[in-house]
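See below for the structure under consideration.
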Amino acid sequence: MTPPTSRTWARRGTTPVIRVRGRSQRRFSIAALCCYKSGERSRLIYRPKRHTDHKSGGRKSFAWTEYRDLLIAAHQQLGGPIVLVWDNLNVHKDRRMRAFIDAQDWLTAHHLPSYAPDLNPVEGIWSVLRRTSQANTAFTDPDDLIRRLRHGLRQIQYRSDIIDGCLTATGLTLTTPRLQPQ
């Protein structure tokens, strides 16, 4: 991952430079769900994955089984039915994934329109992550990168206001009103 840059400083007349040793051929993926439930705080459920065999023709992204496992874990954590709003990633539309979703009575899936990342709250999470814990950082090795990613995502998990803000930024709203504290 090339380090994202944000504001920094340098001596007057000197351009700040972030040196990176080179591009790694290692690959990481992260799948995340922004979870909103009436009357409860918003939650972020995520799974990082390190792809060790992508050079030898192995998979370079999450398989449908890993998304299935993420949904099952989310169902267990949330303790209720899930209405899933997904983008049009090919794995999300895989026939095996559709068969899994159709077989579950606790899971309903809807797909966002094509090319509509502005309607996906998870895209807001990635933006926040890049601008906060990842900004102006050159990672020493892949383990450092994954450690920092997990730390940044954990910080976001504890801030339900950030997760709510990512939903608000999409312009979408919950159809059921949230319970007001008494």
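All heavy atoms count here, side chains included; hydrogens, waters and symmetry mates do not.
- Summarising the geometry, atom CD1 belonging to Ile72 is positioned 10.0 Å from atom OG1 belonging to Thr65; distances are rounded to the nearest 0.5 Å.
- For the atom pair Thr132 OG1 and His151 NE2, the distance stands at 9.0 Å (nearest 0.5 Å).
- Put simply, CG on Leu44 and CD on Gln155 are 12.5 Å apart, with the number rounded to the nearest 0.5 Å.
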(request) Begin with the C-alpha distance, continue with both residues' side-chain angles, and end with the deciding distance and a verdict on side-chain contact (heavy atoms from CB on, under 4.5 Å) for Leu112 and His92. (result) CA-CA 11 Å; Leu112 291 170; His92 297 168; over 6 Å; no

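- The heavy-atom pair separating Arg50 from Pro142 by the smallest distance is NH2-CB, 3.0 Å.
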Residues 102-111, side-chain donor-acceptor partners within the protein, below 3.5 Å, at least two apart:
from: Gln104; atom 1: OE1; to: Trp106; atom 2: NE1; distance (Å): 3.2
from: Gln104; atom 1: NE2; to: Phe100; atom 2: O; distance (Å): 3.4
from: His111; atom 1: ND1; to: Asp87; atom 2: O; distance (Å): 3.4

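- Within the structure, the salt bridge (charged side-chain N to carboxylate O under 4.0 Å, His left out) test picks out the following pairs touching residues 63-78 (sequence neighbours left out): Lys49-Glu66.
- Side chain of Gln134 to main chain of Leu129: no donor-acceptor pair is present (N/O by atom type, distance under 3.5 Å, no hydrogens or angles).
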Pair up each side-chain donor or acceptor in residues 119-128 with any protein partner under 3.5 Å, not counting sequence neighbours, and list the distances.
from: Asn120; atom 1: OD1; to: Val122; atom 2: N; distance (Å): 3.1
from: Ser127; atom 1: OG; to: Arg131; atom 2: NE; distance (Å): 3.1
from: Ser127; atom 1: OG; to: Arg131; atom 2: NH2; distance (Å): 3.3

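- Between the CZ atom in Arg43 and the SG atom in Cys34 there is a gap of 12.5 Å [rounded to 0.5 Å].
- Looking at Lys37, its side chain does come within 3.5 Å of a backbone N or O of Leu78 through a donor-acceptor pair.
- Here the straight-line distance linking atom OG of Ser160 with atom OH of Tyr36 works out to 10.0 Å at 0.5 Å rounding.
- For His75 (side chain) and Pro81 (main-chain N/O), no donor-acceptor pair under 3.5 Å exists by modelled atom type.
- Looking at residues two or more places apart in sequence or on another chain, you find no ring-ring contact (aromatic ring centres under 6.0 Å, His included) involving Tyr46.
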(request) Might you work through the side-chain contact (heavy atoms from CB on, under 4.5 Å) test for Leu149 and Leu145, ending with a clear yes or no? (result) CA-CA 6 Å; Leu149 285 170; Leu145 169 62; 4.0 Å; yes

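- Between the side chain of Tyr67 and the backbone N or O of Ala31 there is no donor-acceptor pair closer than 3.5 Å.
- Contacts of Arg96 classified as salt bridge (charged side-chain N to carboxylate O under 4.0 Å, His left out), with partners at least two apart in sequence or in another chain: Asp94.
- Distance check, rounded to the nearest 0.5 Å: SG of Cys35 to CG of Leu84 gives 9.0 Å.
- Every residue two or more places apart in sequence or in another chain that forms a side chain to side chain contact (heavy atoms under 4.5 Å, CB included) with Arg159 is listed here: Asp161, Ile162.
- Between the side chain of Arg98 and the backbone N or O of Lys93, at least one donor-acceptor pair lies under 3.5 Å.
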